[in-house]
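None of these values were measured; they are calculated from a predicted model.
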Amino acid sequence: MKIKFNLLVVAALLVLTTACKKESTNDKEVLLDTISTQTPEAIETVTPTAQVPADGKYPIMTFEKEEHDFGTIQQGDKPSTDFKFKNTGEADLIITAARGSCGCTIPDYPRTPIKPGETGNIKVSFDSKGKQGKTAKTVTLQCNTQEGNKILIINANIEVPQKN
């Protein structure tokens with residue numbers, strides 16, 4: 001489980017550093033290829049360590065969905081989607097930051113604690129201006145869960161409008 005999380009963190013870091021440089025249809029394949037070449041020791045060095053609460057209780061983010069596909073959109077469209085979640089843990093959930101992998105991906109997240117049993121929403125807007133083809137973008141949430149981070153994914157196939 002820890003290695004799986006570590007691989008996910010490395011993937012997020014890779015996406016964050018390369019997302020705006022390349023708009024290829026194989027972004028996920030590139031990520032998987034890169035991750036598969038990393039050793040567990042190398043991955044461990046970039047993994048943030050979460051502090052254990054005194055009472056040992058953590059919040060847990062349970063999402064309705066963790067990936068959204070906008071389908072085919074026109075270049076210049078600005079669609080958005082909601083990632084609804086529930087705190088199914090035993091402690092207040094605090095999201096300290098939410099970052100898109102590119103300036104074109106804008107997350108809006110709750111700034112107040114989400115109590116156990118309560119729900120929340122992460123709204124993610126995507127600006128397709130200047131982009132084309134299949135694209136995948138991520139939003140990385142920093143929070144006080146045991147894992148420390150959560151990654152949400154959006155996908156789109158961007159068509160360039162035909163000029164008459």
Side-chain angles (χ1 to χ4, degrees), residues 1 3-38 42-43 46-48 59-88 93-112 114 118-164:
M1 177 71 179
I3 289 177
K4 188 179 201 183
F5 171 73
N6 291 339
L7 291 174
L8 194 56
V9 170
V10 170
L13 292 173
L14 182 62
V15 168
L16 288 173
T17 59
T18 62
C20 290
K21 295 177 186 172
K22 181 181 178 192
E23 296 293 331
S24 81
T25 58
N26 297 324
D27 285 343
K28 288 182 185 177
E29 291 173 15
V30 170
L31 285 175
L32 292 174
D33 289 344
T34 303
I35 291 168
S36 66
T37 63
Q38 297 290 321
I43 294 168
V46 297
T47 303
I60 298 171
M61 294 180 86
T62 304
F63 281 87
E64 290 180 3
K65 63 179 179 180
E66 296 180 19
E67 186 168 354
H68 179 78
D69 190 345
F70 289 116
T72 300
I73 62 174
Q74 294 297 304
Q75 187 179 60
D77 286 352
K78 296 180 181 179
S80 64
T81 190
D82 292 318
F83 289 92
K84 296 178 182 178
F85 65 90
K86 183 175 185 176
N87 179 0
T88 58
L93 171 66
I94 300 169
I95 302 171
T96 55
R99 292 184 185 88
S101 58
C102 185
C104 60
T105 308
I106 312 293
D108 183 25
Y109 62 97
R111 301 318 200 259
T112 58
I114 309 291
E118 290 183 350
T119 59
N121 186 58
I122 311 291
K123 181 176 183 170
V124 177
S125 301
F126 174 66
D127 185 353
S128 64
K129 181 180 178 184
K131 302 192 176 2
Q132 64 183 4
K134 291 185 180 180
T135 187
K137 301 294 180 186
T138 62
V139 170
T140 302
L141 306 174
Q142 289 180 320
C143 47
N144 64 330
T145 60
Q146 188 169 8
E147 296 81 18
N149 290 326
K150 183 67 177 172
I151 297 175
L152 305 173
I153 302 169
I154 59 169
N155 299 296
N157 182 27
I158 305 163
E159 291 184 341
V160 178
Q162 298 293 327
K163 294 183 181 183
N164 294 331

Approximate separation, where rounding is to 0.5 Å, of [X] [atom1] and [Y] [atom2]:
X: Asp77; Y: Glu159; atom1: CG; atom2: CD; result: 10.0 Å
X: Thr105; Y: Ile153; atom1: OG1; atom2: CD1; result: 12.0 Å
X: Lys137; Y: Ile106; atom1: NZ; atom2: CD1; result: 11.5 Å
X: Arg111; Y: Ile94; atom1: CZ; atom2: CD1; result: 14.0 Å
X: Gln142; Y: Ile95; atom1: CD; atom2: CD1; result: 11.0 Å

[Y] backbone acceptor or donor facing [X] side chain under 3.5 Å:
X: Ser80; Y: Val124; answer: no
X: Arg99; Y: Ala97; answer: no
X: Asp127; Y: Lys129; answer: yes
X: Asp82; Y: Lys84; answer: no
X: Ser128; Y: Lys131; answer: no
X: Asp108; Y: Lys123; answer: no

Verdict with supporting geometry, Asn149 and Leu141, side-chain contact (heavy atoms from CB on, under 4.5 Å)
CA-CA 5 Å; Asn149 290 326; Leu141 306 174; over 6 Å; no
Do you see a donor-acceptor pair shorter than 3.5 Å between the side chains of [X] and [Y]?
X: Lys65; Y: Thr81; value: yes
X: Gln75; Y: Gln132; value: no
X: Thr62; Y: Thr88; value: yes

To check you understand the geometry: which heavy-atom pair defines the closest contact between [X] and [Y], and what is its length?
X: Glu66; Y: Phe83; value: C-CE2, 3.6 Å
X: Ala136; Y: Asn155; value: CB-OD1, 3.2 Å
X: Tyr109; Y: Thr96; value: OH-O, 3.7 Å
X: Asn87; Y: Ile114; value: ND2-O, 2.9 Å
X: Thr145; Y: Pro59; value: CG2-O, 3.6 Å
X: Leu93; Y: Met61; value: CD2-CG, 3.4 Å

Report the residues that fulfil ring pair (Phe, Tyr, Trp, His ring centres under 6.0 Å) with Phe85, sequence neighbours left out, ordered by chain and then residue number.
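Result, ring pair (Phe, Tyr, Trp, His ring centres under 6.0 Å) vs Phe85: Phe63.
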Does the side chain of Asn157 reach to within under 4.5 Å of the side chain of Phe70, using non-hydrogen atoms?
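A side-chain contact under 4.5 Å is absent here.
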Indicate yes or no: at least one non-hydrogen side-chain atom of Ile158 is less than 4.5 angstrom from one of Thr135.
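Yes; the side chains approach each other to less than 4.5 Å.
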Quick one: do Glu64 and Lys86 make a salt bridge, cutoff under 4.0 Å?
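The answer is no: the pair does not qualify as a salt bridge.
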